[in-house]
Amino acid sequence: MFQGHFDLETATPVETAIPDLLFERGLYWASGRSGVVNLVAAHKWFNLAALKGRTDAISMRREVAEMMSDVEIATAQREARAWMTSH
């Protein structure tokens with residue numbers, strides 16, 4: 001059972017947190033923080049962040065797409081659609 005309190009004055013609304021989290025996932029895969037750069041995953045997460053309202057994700061998605069093949073972009077778009085239908 002949760003024992004504590006929520007500070008509603010400093011809490012981040014879910015509507016704001018979700019696009020930010022999606023954007024951070026894009027940065028994670030684009031930057032290679034995991035030890036591996038995964039452009040398909042980066043494009044997917046930037047695409048989702050853009051769909052949820054993160055306007056800066058659009059330019060990041062475009063930048064990543066410039067380094068990808070058409071097949072990779074299609075794969076990232078399919079994965080983003082699949083994520084949207086499951087969430």
Side-chain angles (χ1 to χ4, degrees):
M1 173 188 242
F2 176 76
Q3 294 181 349
H5 70 283
F6 292 104
D7 184 352
L8 298 179
E9 296 296 320
T10 61
T12 303
V14 171
E15 300 81 32
T16 304
I18 290 173
D20 292 346
L21 176 62
L22 298 172
F23 185 81
E24 285 297 320
R25 287 183 178 184
L27 288 176
Y28 177 82
W29 289 110
S31 68
R33 281 189 239 164
S34 66
V36 176
V37 172
N38 185 332
L39 297 178
V40 172
H43 188 284
K44 167 190 165 181
W45 294 113
F46 287 138
N47 195 20
L48 292 166
L51 289 170
K52 295 289 186 179
R54 258 315 271 260
T55 56
D56 54 346
I58 297 168
S59 61
M60 295 299 289
R61 180 185 60 202
R62 189 176 302 125
E63 185 177 327
V64 168
E66 290 174 1
M67 297 179 275
M68 298 171 67
S69 70
D70 291 342
V71 171
E72 290 172 319
I73 293 170
T75 300
Q77 291 171 336
R78 265 193 314 276
E79 289 181 10
R81 280 192 299 274
W83 189 89
M84 287 294 287
T85 59
S86 67
H87 290 84

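Below, all heavy atoms of this structure are taken into account, side chains as well, without hydrogens, waters or symmetry copies.
- In terms of hydrophobic clustering, with Ile, Leu, Val, Met, Phe, Trp and Tyr side chains grouped at heavy-atom distances under 4.5 Å, Leu22 and Met84 are assigned to a common cluster.
- Inter-residue side-chain proximity for Phe23 and Met60 is flagged as met; some heavy-atom pair is nearer than 4.5 Å.
- The distance from the CG atom of Leu39 to the CD atom of Glu66 is 11.5 Å, given to the nearest 0.5 Å.
- Ile18 and Leu48 fall within the same hydrophobic cluster, where Ile, Leu, Val, Met, Phe, Trp and Tyr residues are linked whenever their side-chain heavy atoms come under 4.5 Å apart, directly or through other members.
- Within a 6.0 Å radius of CD in Glu63, no more than 12 heavy atoms belonging to other residues, nucleotides or ligands are found.
- The hydrophobic cluster containing Trp45 does not contain Met68, counting ILVMFWY residues as joined when their side-chain heavy atoms lie under 4.5 angstrom apart, directly or transitively.
- If you chain together hydrophobic residues whose side chains sit under 4.5 Å apart, Ile73 and Val37 fall into the same group.
- Of all non-hydrogen atoms in Ala82 and Thr85, the two that sit nearest each other are O-OG1, 2.9 Å.
- At a threshold of 4.5 Å between non-hydrogen side-chain atoms, the residues Val40 and Glu79 count as touching.
- Counting only residues at least two apart or in different chains, salt bridge (charged side-chain N to carboxylate O under 4.0 Å, His left out) contacts with residues 24-46 comprise Glu24-Arg33.
- Evaluation of the side-chain hydrogen bond (donor to acceptor under 3.5 Å, both in side chains) rule for Asp56 yields Arg54 as partners, not counting sequence neighbours.
- Counting all heavy atoms, side chain and backbone alike, Ala49 lies closest to Pro19 at CB-O, 3.7 Å.
- Partner of Asn47 under the side-chain hydrogen bond (donor to acceptor under 3.5 Å, both in side chains) criterion, out of Gln77, Arg81, Arg61: Arg61 alone.
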Show your working on side chain to side chain donor-acceptor pair (under 3.5 Å) between Arg62 and Ser59 and close with a plain yes or no. CA-CA 5 Å; Arg62 189 176 302 125; Ser59 61; 5.9 Å; no
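- Closest non-hydrogen pair, Gly26 versus Phe46, comes out as C-CZ, 3.3 Å.
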